[in-house]
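Reminder, nothing fancy here: chain letters follow the sequence lines and each chain counts from 1.
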Amino acid sequence: MTRYIIKRLLGLIPVIIGVSICAFLLIHLIPGDPARAILGERATPESLAAVREQLGLNDPLHIQYLRFMGQLIQGDFGRSVITNSLVIEEFAERFPATMELSIAAMTIAILVGVLAGVISAVKQYSWFDNISMIGALFGVSVPIFWLGLMMQWLFAFKLGLLDASARLSVELRLDNITNFYVLDSILTGNWEALFDSLKHLILPSLALATIPMAIIARMTRSSMLEVLRQDYIRTARAKGLKEKVVIFRHALKNAFLPVLTVMGLQFGTLLGGAVLTETIFSWPGIGRLMYEAIMQRDFPVVQSGILIISLIFVFINLVVDILYSFVDPRIRVN
Amino acid sequence: MAENLLAIEDLKTYFYTPSGVVKAVDGVSFSLKKGETLGVVGESGSGKSITAMSILQLIPSPPGKIAGGRIVFNGDNLLEKSEEEIRRIRGNDISMIFQDPMTSLNPVLTIGEQLTEVIVLHQKLDKTAAAARAAEMLRLVGIPEAEKRLKSYPHEFSGGMRQRAMIAIALSCHPKLLIADEPTTALDVTIQAQILELMNDLKDKFETSIMLITHDLGVVAEVCDHVVVMYAGRPVEYADVETLFEAPLHPYTWGLLASLPKIEERGKQRLEAIEGTPPDLRHMPTGCAFAPRCSKAQTVCREKQPLYRQVREGHYVACHY
C-alpha cells in the first residue's frame, strides 16, 4: 500500500510540471505588456519599470520559468503585487473557509444524492423517481449564481431565516483555532457563534451542493439499476435476506464505485471552483480570493492559486483512488 | 411410498411485456418426494428456471406474475404466504444455487460474510458460532484451509470452488429442498463430476431433496430418480429415470435422447437435431406446442392441445398418441 501511494505521488510530478507551465505562461498570454496590464493605462514609466523588475519580466522566458520553479520548490509562492503580502499566507488564511464550505456542501450532496439515487433505482418509474430525476436535471442545468440569488432573496430577505453573506455576524466574536468557524465554535464552547455560523453556512453550501447532488443522484440511480440486475442480487434474495439488506449491503456497496469517482471529481471541483458561490455569498474563501486577484490582475496570486487548486484537486483524486481499494477488494493493492 | 415434499399444481407464470403476454410457465404440474432427486429438463426457454424461481417467488415483478396454480411445500401452499413468511423459507427450508458461480457471489463481500449472513439470519446463531458453522460448511464442500478461506473474496476462488462455496451457502441451514439451476453448466467436465458427486453426498448427509434443472441428459442419468421433461412452458413427460431413458413416450423426449452424442457412432454421422425452433411464447399454436416440429404430428395434434395424463403407474405424458 505504501509503495502504491509513493508511486502515485511520483506520478504527480509530471502533472505539477504541466500545471506550472500553464500557470507560468498565463502572465505572458495576455496581449501587451503585463506590467501595464497590472498598473493600468496611466502608469508612469518608472512604476512600470519597477513592476517589471519585481516580476522579473526583463529576463528571457526560460530563465523566468526556472526562477519561478526554483522559488516554488523552496515554498516561495511570491507576493501579491496589490497588497504585497505573501501569497502563501493569503491562501492559508482563506483555505479553511473554502474547506468548511466544500465539506458542508459535499456532505449535503452525498447524503441527499445517494439516498435519492437509491430510492429512485429501487422504485424505478415511480413518482419519486420521476420527481427526483427531474429535480436532478434541474440541478445540473440551473445557473448557480441565479439559484444562489433566489435562495438569498427567499430565505434571507423574505423569510429572514438564514443569513445571506459572510461567515459570521459582525457583532459576534470567535476565537480562531482552526479557522473552521463551526469547529472553532464547538472547541471554544461558543454556542451562539455555532448557531450563527451554521445559519451563515447553510445557504452557500446548499447552492454549492446543487450540482454535485444532482450528478451523484443520477450516477447512483443508474449504477444501482445496473447492479440490481446482477445474479448475486438474486442470490441474496434467494437467501431470504430482507430487502433493506439486499439493497444497502449487497447492492449499494457494489454500486458505490462509480459514484465514488464522481464524488472525488466533484469535491475537487468544489474546492477550486467555488468562485461564483463565494462571490455571491461574500464568503472569504480562496474562490473569492481568486476572483479578486483576477479582477485586479494580481498575477502572482492567480498563478499560485491555479497551482494550489490543481494540487488539491489531484490530491483528492489520489485519496479517492486509495479509498477505491477499501470498497472494491478486486483492486486491492498489496 | 414416500410422501410429497413439493407438489406444483397447474402453475402459471406470465410476463406482461409491451409486445404481449409471455406465458413462460403455462400449466406446470409435478411433484417431488422426500429424499429424491428430480431432474427438470428441456431446452432454453422451456420454463425450467422460471418454474424454479416461481417456487421461491423470485420472479421480477413487474413484468412477471404468478397467474395461477398452487405450489404446495410440506403441506402449505407457498403462493398464499406473505412476503415475510416466504423470506423465512428462502435459504432456510428451500435454498437455491445458480448456473454461473462467477456472477452469483457478491464480489465485494468475503465468502465468510456471505456464508455467515445466512446462518445468522435463519439459525439465530451469534457471530462466533456462525463463523464456526461457516468454516465447517466450507470443509464439508471440500474447500481446504476453510478458516483462512472465509476471509477470501470470490475473485480469489476458481469457478469450481465458487460453486462449492455456493453449495455451502445453500446447505448451511440444512434445507429440506435444494433447487439447483444448471449448477454445472458453466463448469468444465471434471469439475462438473466433482460438483455432482458433492451434491449427492451432501443430499444424503442433510436429508435434502434436490430439484435439478438441467439440459444435460447425461447429468440426469447420473444423479436423478425422476425426470420431468418440459417444452414451451408445459411438462410433456414425467417418469422415473430408467423408464424415461428406456421407454420414452413423447416425441420431444425421443428427440432429446437422439440428440445425445454416442461413442459408437463417432465420426460416422452428424448429431441428430430436433428440426425447427421452439414456439414464440406470446403466440402459442392452438394444438400441441410441439406439433410444428413433430415428425409424427397428425391433424388432431395441430387442432387440440393434448391432455397431460398418466399412461402407466408413475408415467405421465402429454401426447395424443
Side-chain angles (χ1 to χ4, degrees), chain A residues 1 114 118 120-130 220 223-261 263 320-334, chain B residues 49 52-53 55-62 83-111 113-123 151-156 162 165-166 169-170 172-173 175 178-181 186:
Chain A
M1 195 60 164
V114 169
V118 168
S120 293
V122 173
K123 306 226 176 283
Q124 196 185 5
Y125 305 132
S126 65
W127 62 266
F128 181 91
D129 181 24
N130 291 330
T220 308
S223 184
M224 276 297 282
L225 283 175
E226 177 67 31
V227 168
L228 285 172
R229 278 203 299 270
Q230 299 295 317
D231 287 350
Y232 53 79
I233 297 302
R234 186 182 55 185
T235 307
R237 292 208 174 102
K239 281 174 171 179
L241 297 173
K242 288 208 170 73
E243 198 58 20
K244 220 167 37 190
V245 180
V246 174
I247 300 296
F248 286 100
R249 182 175 153 96
H250 284 263
L252 186 58
K253 208 172 167 197
N254 280 282
F256 201 63
L257 278 169
V259 181
L260 189 63
T261 313
M263 283 178 190
V320 166
D321 282 354
I322 294 166
L323 278 181
Y324 252 16
S325 61
F326 287 98
V327 183
D328 190 346
R330 284 165 297 184
I331 48 175
R332 198 155 292 175
V333 278
N334 305 317
Chain B
S49 296
M53 305 269 279
I55 297 173
L56 282 180
Q57 292 167 41
L58 291 172
I59 301 292
S61 166
E83 176 65 26
E84 180 60 40
E85 287 170 315
I86 283 291
R87 259 209 303 272
R88 275 202 288 271
I89 290 172
R90 288 179 193 156
N92 192 21
D93 294 319
I94 305 178
S95 53
M96 198 161 173
I97 55 178
F98 301 97
Q99 177 170 350
D100 193 349
M102 307 310 258
T103 57
S104 295
L105 289 164
N106 194 326
V108 302
L109 298 175
T110 62
I111 298 292
E113 286 169 325
Q114 299 187 54
L115 192 46
T116 46
E117 103 185 314
V118 66
I119 299 171
V120 170
L121 178 71
H122 294 300
Q123 307 287 308
K151 294 192 189 72
S152 299
Y153 286 92
H155 71 276
E156 296 166 292
R162 286 188 214 187
M166 274 301 289
I169 291 172
S172 58
C173 298
L178 173 67
I179 301 172
D181 189 354

Starting from the C-alpha separation in whole Å, work towards a yes-or-no answer on side chain to side chain contact (heavy atoms under 4.5 Å, CB included) for A/Glu243 and B/Glu83.
-> CA-CA 10 Å; A/Glu243 198 58 20; B/Glu83 176 65 26; 5.7 Å; no
Can you tell me how far the CZ atom of A/Arg234 sits from the CG atom of B/Leu56, to the nearest 0.5 Å?
-> 11.0 Å
B/Ile97 versus chain A, heavy atoms under 4.5 Å apart: side chain, backbone, both or neither?
-> neither
In terms of heavy-atom proximity below 4.5 Å to chain A, should B/Glu156 be classed as side chain, backbone, both, or neither?
-> neither
For B/Met53, is it the side chain, the backbone, both or neither that has a heavy atom under 4.5 Å from a heavy atom of chain A?
-> side chain
A/Asp231, A/Val227, A/Ile233, A/Leu257: which one forms the most heavy-atom pairs within less than 4.5 Å of chain B?
-> A/Asp231
Which atom names give the shortest non-hydrogen contact between A/Gly240 and B/Leu121, and what distance separates them?
-> O-CD2, 3.4 Å
State, to 0.1 Å, how close B/Met96 and A/Ala238 come at their nearest heavy-atom pair, and which atoms those are.
-> CB-CB, 4.4 Å
Part of B/Val118 lying under 4.5 Å from any heavy atom of chain A = side chain
Taking side chain to side chain contact (heavy atoms under 4.5 Å, CB included) as the test, write out the residues that go with A/Lys242, two or more places apart.
-> A/Val245, B/Glu84, B/Arg87
Of the non-hydrogen atoms in A/Pro329 and B/Pro107, which two are nearest, and what is the gap between them?
-> CG-O, 3.3 Å
Residue part contacting chain A, namely of B/Gln57, when any heavy atom lies under 4.5 Å = neither
Evaluate the side chain to side chain contact (heavy atoms under 4.5 Å, CB included) criterion for residues A/Arg249 and B/Leu109: first the C-alpha distance (whole Å), next the side-chain angles of each, then the deciding distance (0.1 Å), finally the verdict.
-> CA-CA 9 Å; A/Arg249 182 175 153 96; B/Leu109 298 175; 4.2 Å; yes
Under the salt bridge (Lys or Arg N to Asp or Glu O under 4.0 Å) test, which residues partner A/Asp129, sequence neighbours left out?
-> A/Arg221
When rounded to the nearest 0.5 angstrom, what is the spacing between CG in B/Asn106 and NE2 in A/His250?
-> 6.0 Å
Given a strict heavy-atom distance threshold of 4.5 Å, which part of B/Leu105 is in contact with chain A: side chain, backbone, both, or neither?
-> backbone
To the nearest 0.5 Å, how far apart are CG in B/Leu115 and NZ in A/Lys239?
-> 7.5 Å
